[in-house]
Student: 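Starting off with a structure, shown below.
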Amino acid sequence: MGLSVSVQREYLGAAAGQLPPDQCLPELWIEHNDDHSRALRLLGALQRPPQRQWHCRCGEFVEGGFEQCWNCGAPMPGL
Ligand SMILES: [Zn+2]
């Protein structure tokens with residue numbers, strides 16, 4: 001593809017837990033100007049990620065795409 005970008009902060013918001021939404025959006029750090037249009041499309045896709053939410057056996061509600069409970073470390077059911 002030749003698309004050379006790196007995704008930053010994708011999981012920072014969920015990890016920090018308390019950040020306001022405008023600081024939780026994914027960012028693309030573009031290294032080559034030619035990739036700008038493709039990067040914009042990719043960024044748009046990242047802003048509409050498939051949300052996975054599940055209830056852990058310990059009772060915590062896990063969201064943000066995590067496959068492991070942040071509270072007790074149990075894996076997401078079905079993996
Ligand atoms: Zn748990």
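Throughout, residue positions are numbered sequentially from 1 according to the sequence presented.
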Student: Checking Q53 side chain against E63 main chain: does a donor-acceptor pair fall under 3.5 Å?
Tutor: no
Student: Could you work out, with side-chain contact (heavy atoms from CB on, under 4.5 Å) as the rule, every residue matching W70, not counting sequence neighbours?
Tutor: E60, V62
Student: Of all heavy-atom pairs between E67 and W54, which one has the smallest distance, and what is that distance?
Tutor: C-CZ2, 4.0 Å
Student: Can you tell me how far the CZ atom of R57 sits from the SG atom of C69, to the nearest 0.5 Å?
Tutor: 9.0 Å
